[in-house]
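Take a look at the structure set out below.
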Amino acid sequence: MNVQRIQGELTAASALDLFSQMIQAKIEFQENQISKLDNEEDIKAKESKIKALQHALSEMRAQLAKKPDTVNVAATISIF
């Protein structure tokens, strides 16, 4: 099952804002999962995912800073 969530042209600033909010929501989800875990291995795995998300956001900021005023974006959620 695929759900098209984002499709179209946005300003680079709007794209960054949109994706920043999406990534922040995912980070908050991971943080909430940590509070429910007591297994140190699982906690470290969640912390690793958070760091990867933060890194991805940093890279996205750098890439969008190089872009012209508008960018084409598409995002799909796939459930297998």
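Here, residue 1 is the first one in the sequence, and each next residue gets the next number. A quick note: this is a predicted structure, and the numbers were derived from the prediction, not measured. In what follows, every heavy atom counts, from backbone to side chain, and hydrogens, waters and symmetry copies are set aside.
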Is there a chain of hydrophobic side chains (I, L, V, M, F, W, Y, each step under 4.5 Å between heavy atoms) that links Phe29 to Ile50?
->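 As far as the 4.5 Å side-chain criterion goes, Ile50 and Phe29 are not connected within one cluster.
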Validation: residues 10-22 side-chain donor-acceptor distances under 3.5 Å, sequence neighbours left out:
from  : atom 1 : to    : atom 2 : distance (Å)
Thr11 : OG1    : Ser14 : N      : 3.0
Thr11 : OG1    : Ser14 : OG     : 2.9
Asp17 : OD1    : Gln21 : NE2    : 3.1
Asp17 : OD2    : Gln21 : NE2    : 3.2
Ser20 : OG     : Leu16 : O      : 2.7

Below 4.0 angstrom, N of the basic side chain to O of the carboxylate: do Glu47 and Lys51 qualify?
->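 Salt bridge flag = no for Lys51 with Glu47.
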From [atom1] ([X]) to [atom2] ([Y]), nearest 0.5 Å:
| X | Y | atom1 | atom2 | answer |
| --- | --- | --- | --- | --- |
| Lys46 | Asn32 | NZ | CG | 11.0 Å |
| Ile6 | Asn72 | CD1 | CG | 13.0 Å |
| Leu53 | Glu28 | CG | CD | 11.5 Å |
| Thr70 | Glu9 | OG1 | CD | 4.0 Å |
| Glu59 | Gln54 | CD | CD | 13.0 Å |

Mind checking what makes salt bridge (charged side-chain N to carboxylate O under 4.0 Å, His left out) contact with Lys49, not counting sequence neighbours?
->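 Counting only residues at least two positions away or on another chain, Lys49 forms no salt bridge (charged side-chain N to carboxylate O under 4.0 Å, His left out).
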Check the pair Leu57 / Ile27 against side chain to side chain contact (heavy atoms under 4.5 Å, CB included), numbers first and verdict last.
-> CA-CA 11 Å; Leu57 181 55; Ile27 289 171; 5.7 Å; no
